[in-house]
Amino acid sequence: MDYSKHGTIKKQKKIRSSIPKAKHKVSFNIFRVVVFCLIALLVMGVAAGVGGFKGIIDSAPDITAEDVIPQGYKSFIYDKDGNLLTQLYQPETNRIYVDIEEIPEVLQNAFIAVEDERFWAHNGIDPKGIVRAFFVGVTSGDFSEGASTITQQLLKLNVFGGGNEENLLLKFKRKFQEQYLALELEKKMSKEEILEAYLNTINLGASTYGVEAASQRYFGKSCSEVNASEAAVLASIAKSPTYYDPITYPEENKDRRDLTLGNMLDQGYLTQEEYDTAMADDVYTRIAEHAETTSDTQQIFTYYEDAAIRQVLEDLEEKLGYTEEQAINKLYGGGLRVYLAQ
């Protein structure tokens, strides 16, 4: 051991020089521990997220093509010569099913133009629409911009009961399941079949469901006869059947109709001449005039019609084994056609 002055000074310098090294080593070890913990937390978070997402997907309902076909149709009573006497329906069964071949292209295109412009190209979900809606929400603070495809809307209406969730968590769960099932549904159904089911399902205001019942309600004619302006009116209702009702809120519907027609022009569904003609159409006067001649008040049946209705209900119960409630639901929502001897 060197106990000289020189040796002591040398030893002190060595001790002082080792202190920073020790501190550096401790700091480095702490840093490594922190990084390791962060990585571990990240891995656990990703694993939990993947597991949670898989759980949401696994809990999605099993569906077939039949599950997205709308239920509930109005019934009709005719006289012996086939003349329509009256119609029977409940609030949510005012629907008349029509095949896609009976729905003109201009009406199909109106809905596609305003609700899902990439309908024919996507596989059930629209990534471009999702990204657009996200950036619109971030830049404006308003996340109401829709990104749901027609396929997703069909699932929302007929599988998820309209999507009126109690909280945001349940809404996100339904959205994830909706997107997953949209991809699966497009493997089972053609685009035409999906569009047909959607156009017969959609709530179009004034207690009408589907394009046929709505066309008869607003224009007094079949959907197969509508022009571009009328098609855009119907398509414009879909976003909000109450707010865009063309009878109650014609100005609001007109604003969206004009947007729909503009989309149809931009997407190549209308020529400039067809667009100009549709924009100049005084369709809302016709709607108002037709509304004056119709009424949603309770119908008054003749004695004969009332007796026939009671007989049909009795036959459903006695001959087919229906309960009273089932018989009423069948007559007022089963799409029956009853021909009288009168």
Side-chain angles (χ1 to χ4, degrees), residues 63-78 82-84 87-90 92-124 149-159 181-182 184-238 241 260 264 269-270 329-339:
I63 63 167
T64 64
E66 287 73 22
D67 293 318
V68 298
I69 302 302
Q71 300 297 315
Y73 306 95
K74 67 167 62 177
S75 294
F76 302 88
I77 296 180
Y78 301 92
N83 299 309
L84 179 64
Q87 303 176 21
L88 306 175
Y89 56 88
Q90 295 172 326
E92 294 186 4
T93 64
N94 188 11
R95 176 186 288 111
I96 306 170
Y97 199 95
V98 285
D99 295 332
I100 194 69
E101 293 80 9
E102 302 173 69
I103 304 174
E105 287 191 2
V106 69
L107 183 53
Q108 298 177 37
N109 294 337
F111 277 88
I112 290 170
V114 75
E115 291 292 324
D116 186 3
E117 63 178 290
R118 284 175 286 275
F119 173 73
W120 297 111
H122 64 63
N123 60 351
T149 63
I150 282 176
T151 312
Q152 288 177 249
Q153 291 182 47
L154 179 62
L155 287 162
K156 176 183 175 181
L157 293 169
N158 288 343
V159 175
L181 291 177
E184 294 299 305
L185 187 63
E186 295 229 359
K187 298 175 185 176
K188 302 175 182 179
M189 298 177 69
S190 68
K191 289 286 188 180
E192 289 77 10
E193 289 172 331
I194 290 171
L195 186 60
E196 178 181 305
Y198 171 79
L199 293 176
N200 280 287
T201 294
I202 194 71
N203 181 351
L204 292 175
S207 298
T208 62
Y209 293 81
V211 292
E212 179 65 13
S215 180
Q216 292 189 16
R217 175 68 179 88
Y218 297 122
F219 312 124
K221 61 184 178 181
S222 170
C223 70
S224 62
E225 303 174 84
V226 300
N227 60 31
S229 175
E230 293 164 343
V233 167
L234 295 179
S236 299
I237 303 170
T260 301
M264 294 176 74
Y269 292 126
L270 293 177
N329 289 338
K330 186 67 175 178
L331 182 57
Y332 287 83
L336 301 182
R337 280 168 167 72
V338 180
Y339 295 88

**Request:** Go through the side-chain N and O atoms of Y97 and E196 and say whether any donor and acceptor fall under 3.5 Å apart.
**Result:** yes
**Asked** Is the number of heavy atoms from other residues, nucleotides or ligands within 6.0 Å of CD (E92) greater than 12?
**Response** no
**Asked** Is it the case that more than 12 heavy atoms not belonging to E105 sit under 6.0 Å from its CD atom?
**Response** no
Nearest heavy-atom neighbours spanning [X] and [Y]:
X    : Y    : result
C223 : I103 : SG-CG1, 4.3 Å
G124 : A182 : O-CB, 3.5 Å
N94  : S207 : ND2-O, 2.8 Å
T201 : L154 : OG1-CD1, 3.8 Å
A238 : E115 : CB-OE2, 3.9 Å
A113 : T260 : CB-O, 4.5 Å

Note, [X] side chain near [Y] side chain (heavy atom, < 4.5 Å):
X    : Y    : value
F219 : E225 : no
V106 : M264 : yes
N329 : Q90  : yes
P104 : V226 : yes
L204 : V211 : yes
W120 : L195 : yes
V68  : V159 : yes
E212 : E102 : no

Inter-residue atom distance [X].[atom1] - [Y].[atom2], 0.5 Å rounding:
X    : Y    : atom1 : atom2 : answer
I150 : I194 : CD1   : CD1   : 9.5 Å
I96  : N200 : CD1   : CG    : 10.0 Å
Y269 : Q108 : OH    : CD    : 10.0 Å
N227 : L107 : CG    : CG    : 10.5 Å
I100 : L199 : CD1   : CG    : 5.5 Å
Q153 : D116 : CD    : CG    : 7.5 Å

**Aromatic ring pairing Y198/F111, orientation class (parallel under 30°, perpendicular over 60°, tilted between)** =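 Taking F111 first and then Y198, their aromatic rings stand perpendicular (interplane angle over 60°).
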[X] side chain to [Y] backbone, donor-acceptor under 3.5 Å:
X    : Y    : result
T93  : G72  : no
R95  : G210 : no
Q71  : I69  : yes
K188 : I63  : yes

**Asked** Could K191 and E186 be called an ion pair, given the rule that one side-chain N must be under 4.0 Å from one carboxylate O?
**Response**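 Salt bridge: yes.
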